[in-house]
Amino acid sequence: MRNVSLRFTAVFAALAVAAPAAATNGMRMIGFGPVQNSMGGASIAAPLDATVTVTNPAGLSALAPRVDLAGQAFMPSVEYDATWSMGGPPADVSQESDRPTDFLPTLAGVFKVQDKLTLGLAALGTAGMGVEYSAGGLYGSETLTSYLNFRVAPAAAYRVTDALSLGLAVNLMYAQMEYDVMEGMLLPHDAVGSFGYGATVGVTFKASEMVTLGAAYETKSFFQDFEFDVAGETQALDFDQPMIASVGAAVRPLQGLLVAADVQWINWSDTMGKDLPEWSANPLGEPAWNMNWDDQVVFKLGAEYALAAVKGLAIRAGYNYGASPVDTAQAFETIAFPAIAEHHFTVGAGYETPKFAVNFAAVYSPEATASASSPTQPQGIPDYEVRMSQLAFELGAAYRF
């Protein structure tokens, strides 16, 4: 049985790493699983399914034993117009990313050890970004970038009192990165992997029968260097993931109605800020990275209403907003890593029986635009505009035991 479980986990991890993350704040997913996503990602004080293991493990105390499994289809639209010149006459180019529909699985479970102690486990993708522009674009070459992050998070929650619960999750991660850009100036960097670790601590407090409060703190995630074998040399990139702090509240003002809101701070400047990520070894003398991202404040709002007319049926809707962290003055970085989505509108529904549940979510991020015009742009791109919209559908099932 143990070998079967290990094989299943390995296959699941491979599937998750094979696809980038979906609707995102920066490169971080707005939520995990169809329930969170249909609520705009709000979950810090509203634990509705086992994926709360990742966002606020203290919420596990409020859940009965269950297993949640889901799959998401993510369909982004990314394109750009740009003028570039590297010593020759300026050239105008327009391209649309060729990346096909991506599929992302989610698996999470809740296990009750005793009345006060609850365990959780989640295996899912948490972050990602990338584009696939064909040859003939900027610098006359293709532009391929991809970063993917998969996490396995064992967790525990302890109910201190009837109102107060504490939680801890250990974040064990695997990330994969590759890029092929600026043909003739940079050599391809084939896909390499890196293992990382971190932790999430959380608390929930039931202030009254109507109001629950929550907070969570995810430490910075520390990764091994990404070691690219390029022209017989090892290029090593130090690329971690940021610390995240969240607070939330959930209110049940009416029978069957839940309203949840979160505020989240993502410390991008520490891992994607000025002159980051950073080369640990650069024997080929490649240009330094300078993503120059800002920190990001994200607002999440969601509502769930259980229809009295149809027992077991709940409808959900949400909204998620985070101002893009990218520095639009970094023209090539913005084109190659267009983390510019800001508004996300979400809807969903769930149908529950005593043992089984089915949940659905749809997420739409309308077109966001990033542009700049600077004749002295050091990357030889004096003018550009990037446009991105996102659409995702997710279907999941749950089993209670």
Side-chain angles (χ1 to χ4, degrees), residues 20 24-27 76-99 128-147 177-189 228 230 235 237 239 268-269 271-279 282 284-296 322-343 365-390:
T24 53
N25 300 126
M27 73 170 84
S77 174
V78 189
E79 58 187 12
Y80 74 88
D81 303 317
T83 300
W84 67 276
S85 174
M86 295 297 286
D92 294 326
V93 62
S94 298
Q95 287 191 301
E96 184 175 356
S97 177
D98 295 327
R99 183 182 289 277
M129 60 180 179
V131 294
E132 294 183 18
Y133 292 117
S134 60
L138 287 173
Y139 315 111
S141 69
E142 70 174 345
T143 300
L144 167 67
T145 63
S146 180
Y147 175 83
M177 185 177 185
E178 67 175 311
Y179 62 94
D180 185 5
V181 300
M182 299 183 183
E183 184 178 349
M185 290 176 279
L186 294 178
L187 294 172
H189 290 60
F228 300 95
V230 183
Q235 293 280 131
L237 187 68
F239 188 9
W268 292 120
S269 64
T271 58
M272 295 280 284
K274 182 174 175 55
D275 299 323
L276 294 172
E278 186 175 26
W279 289 115
N282 188 13
L284 299 179
E286 293 192 355
W289 289 65
N290 184 20
M291 298 300 292
N292 207 32
W293 282 18
D294 291 327
D295 295 337
Q296 188 178 37
S324 171
V326 307
D327 177 6
T328 57
Q330 299 298 114
F332 181 73
E333 286 84 348
T334 305
I335 292 171
F337 298 102
I340 62 174
E342 295 190 334
H343 301 273
S365 179
E367 185 173 271
T369 302
S371 62
S373 179
S374 174
T376 59
Q377 223 287 337
Q379 299 155 316
I381 308 174
D383 295 284
Y384 81 95
E385 181 178 271
V386 179
R387 297 174 294 278
M388 169 186 273
S389 62
Q390 301 174 344

*Asks:* Output yes when a side-chain donor or acceptor of Gln296 lies under 3.5 Å from a complementary backbone atom of Trp268, and no otherwise.
*Replies:*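 Here the side-chain-to-backbone pair does not exist.
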*Asks:* Walk me through it: do Glu367 and Ser77 pass the test side-chain contact (heavy atoms from CB on, under 4.5 Å)?
*Replies:* CA-CA 9 Å; Glu367 185 173 271; Ser77 174; over 6 Å; no
*Asks:* Return the OG to CD distance between Ser94 and Glu79, rounded to the nearest 0.5 Å.
*Replies:*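 Answer rounded to 0.5 Å: 8.5 Å.
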*Asks:* Which atoms form the tightest heavy-atom contact between Thr24 and Gln390, and what is the distance?
*Replies:* N-OE1, 3.7 Å
*Asks:* So do Met388 and Ser97 actually touch side chain to side chain, heavy atoms under 4.5 Å?
*Replies:*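 Heavy-atom side-chain distance check fails, nothing below 4.5 Å.
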*Asks:* Looking only at atom types and distance, does a side-chain atom of Tyr80 sit under 3.5 Å from a main-chain N or O of Val93, one as donor and one as acceptor?
*Replies:*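 No, because the side chain of Tyr80 does not come within donor-acceptor range (under 3.5 Å) of the backbone of Val93.
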*Asks:* If every non-hydrogen atom of Gln379 is compared with every non-hydrogen atom of Ala331, which pair is closest and at what distance?
*Replies:* OE1-N, 3.3 Å
*Asks:* Taking Ala336's backbone N and O only, do any of them form a donor-acceptor pair with Thr145's side chain (distance below 3.5 Å, no angle check)?
*Replies:*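 Present.
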*Asks:* Indicate the ring-plane relationship of Tyr147 and Phe239, choosing parallel, tilted or perpendicular according to the 30° and 60° boundaries.
*Replies:* tilted
*Asks:* Which atom pair, heavy atoms only, marks the closest approach of Val78 to Pro338?
*Replies:*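 Scanning both residues completely, I find the closest heavy atoms to be CG1-CG, 3.8 Å.
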*Asks:* To check you understand the geometry: which heavy-atom pair defines the closest contact between Thr328 and Tyr384, and what is its length?
*Replies:*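 Heavy atoms of Thr328 and Tyr384 come nearest at O-OH, 2.6 Å.
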*Asks:* With rounding to the nearest 0.5 Å, note down the distance linking CD in Glu385 to CD1 in Ile335.
*Replies:*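 Output value for this atom pair is 10.5 Å.
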*Asks:* Take Met182 and Phe332, measure what side-chain contact (heavy atoms from CB on, under 4.5 Å) needs, and give me the verdict at the end.
*Replies:* CA-CA 10 Å; Met182 299 183 183; Phe332 181 73; 3.8 Å; yes
*Asks:* Ignoring hydrogens and geometry, is there a side-chain-to-backbone donor-acceptor pair from Glu286 to Leu186 under 3.5 Å?
*Replies:*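 A pair under 3.5 Å: no.
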*Asks:* Main chain of Ala341, side chain of His343: is a donor-acceptor contact present, judged purely on distance under 3.5 Å?
*Replies:* no
*Asks:* What pairs with Glu183 under side-chain contact (heavy atoms from CB on, under 4.5 Å), at least two apart in sequence or on another chain?
*Replies:*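 Listed in chain order: Ser141.
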*Asks:* Does anything in residues 80-93 form a salt bridge (Lys or Arg N to Asp or Glu O under 4.0 Å)? List the pairs, not counting sequence neighbours.
*Replies:*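 Qualifying pairs, neighbours excluded: Asp81-Arg387.
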*Asks:* Going by the rule side-chain contact (heavy atoms from CB on, under 4.5 Å), which residues pair with Asp180 if we only count those two or more places apart in sequence or in a different chain?
*Replies:*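 Partners of Asp180 by the side-chain contact (heavy atoms from CB on, under 4.5 Å) criterion, ordered by chain and then number, come out as Glu142, Leu144, Pro188.
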*Asks:* How long is the gap from CG on Asp295 to OG on Ser269, to the nearest 0.5 Å?
*Replies:*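 So the CG of Asp295 and the OG of Ser269 are separated by 3.5 Å.
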*Asks:* Measure the shortest side-chain to side-chain distance between Asn290 and Gln330 over non-hydrogen atoms and say whether it is less than 4.5 angstrom.
*Replies:* yes
*Asks:* Do other residues, nucleotides or ligands put more than 12 heavy atoms under 6.0 Å from Glu178 CD?
*Replies:*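 Atom CD in Glu178 is packed in, count exceeds 12.
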*Asks:* Tell me whether the rings of Trp279 and Trp289 are parallel (<30°), tilted (30 to 60°) or perpendicular (>60°).
*Replies:* perpendicular
*Asks:* Nearest 0.5 Å, please: how far is NZ in Lys274 from CG in Asp327?
*Replies:*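 Result: 9.5 Å between the selected atoms.
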*Asks:* Give the minimum heavy-atom separation between Pro325 and Gly26, together with the two atoms involved.
*Replies:*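 Taking Pro325 first and Gly26 second, the nearest heavy atoms are CG-CA, 4.0 Å.
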*Asks:* Do Glu333 and Val326 have side chains that approach each other closer than 4.5 Å (heavy atoms only, starting at C-beta)?
*Replies:*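 Heavy-atom side-chain distance check fails, nothing below 4.5 Å.
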*Asks:* Kindly indicate, with the supporting measurements, whether the criterion side-chain contact (heavy atoms from CB on, under 4.5 Å) is fulfilled by Phe228 and Met177.
*Replies:* CA-CA 9 Å; Phe228 300 95; Met177 185 177 185; 4.2 Å; yes
*Asks:* So which heavy atom on Pro90 is nearest to which on Ser85, and how close?
*Replies:*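 Answer, listing the atom of Pro90 first, then Ser85: CA-CB, 3.9 Å.
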